Amino acid sequence: MENNKLILEIKDLSKTYSNGVKAMDNVTITIHSGMFGLLGPNGAGKSSLMRTLATLQEPDSGSIVFDGIDILKNPIELRKRLGYLPQEFGVYPRINAYELLDHLSILKGISKKNERKELVEALLNRVNLYEFRKKSVNKFSGGMKQRVGIAQALIGNPDLIIVDEPTAGLDPGERNRFYNLLADISEEKIVILSTHIVADVVELCQDFVIMNIGKVVYNGTPNEAIDEMKGRIWSKSINKGEIKRYEAEYNVLSKKMIGGQPVISILSDYNPQNGFDIQEPSLEEVFFNNIK
Ligand code: ADP
């Protein structure tokens, strides 16, 4: 299918807000069909990049080309092919899921009633909400609301879908269902998932970047990233009062409490001795190592 060859090329994108914050600093990323992860701590610049890709704000410099379209010059062309689930998707109270999607389809220019009926029913089925279509969306759980959010992003059959921090506030079951839905959708499209949750990227994304303070600080696949850390991560259970001392002596990537006891993970290319054990790396260590 030709859709398998979709490419989104982001080049040298920079943006400084009027308050002086540089939210994007020469961001360059090439994204292919499938699920792409944009990982970074709060304030990294993820939403700024997502909003720029969604043509809701302009960068100071740089270029974005999607499937041959220069989207900064032709935002309208891009919007026809874009589905966007913003971080805070405000759903209307006291209107049911069917009515909401029907209304949003009208706004997206689908004027024929029959066509809309077919579309809205297909979307409700796709996100597994058909049986709840007459239920008021303000009574939906967090996971159901996010599925309505995805359904609205799919109106008009877009092939670039941007989802900003979608799993915040979902319980594990809802998160799983939402993951499956996204994975399913991404087979024919580019889906960009912005998140600060490392597990989202591990479970879903073929490729990913880590952003920190406006910059891309890592670009690769989750497996490559983890492989690079093999044999270099060591952990040790320590006493609470010792954390500062260990931080001064070692490259501490993370601190966790296990059974009320702090356990630190450090990066070291050789065996640090001193009671440390080798630890299997995970994307979490990659993340912490890149945002230091
Ligand atoms: P993220 O989505 O990774 O949390 P954002 O893109 O929201 O990052 O923010 C990046 C930086 O830009 C932060 O320091 C944030 O406070 C700042 N910022 C975001 N939007 C604006 C804005 N409209 N005006 C000024 N500063 C902003």
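None of these values were measured; they are calculated from a predicted model. For the numbers below, each heavy atom of this structure counts, side chains included, while hydrogens, waters and symmetry mates do not. Just follow the structure's listing: the first ligand is 1, and inside any ligand the first atom is 1.
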For the backbone of Ile110 and the side chain of Arg116, can you confirm whether one donor and one acceptor N or O come within less than 3.5 Å of each other?
yes
Under 3.5 Å donor-acceptor pairs involving side-chain atoms of residues 285-292, not counting sequence neighbours:
residue : atom : partner : partner atom : Å
Glu285  : OE1  : Ser282  : N            : 2.7
Glu285  : OE1  : Ser282  : OG           : 2.9
Glu285  : OE2  : Gln279  : NE2          : 3.3
Asn290  : ND2  : Val286  : O            : 2.9
Lys292  : NZ   : Asn251  : OD1          : 2.9
Lys292  : NZ   : Val252  : O            : 2.6

Asp12: partners by side chain to side chain contact (heavy atoms under 4.5 Å, CB included), with sequence neighbours left out:
Asn26, Thr28
Name all pairs fulfilling the ring pair (Phe, Tyr, Trp, His ring centres under 6.0 Å) condition that reach into residues 134-160, sequence neighbours left out, sorted by first residue then second.
none
Under 4.0 Å from ligand 1, counting heavy atoms only: the protein residues, by chain and number
Tyr17, Asn19, Val21, Ala23, Pro41, Asn42, Gly43, Ala44, Gly45, Lys46, Ser47, Ser48, Arg51
Would you find a donor on one side and an acceptor on the other, under 3.5 Å apart, between the side chain of Glu174 and the backbone of Asp171?
yes
Quick one: CD1 on Ile162 to CG on Leu160, what's the gap to the nearest 0.5 Å?
4.5 Å
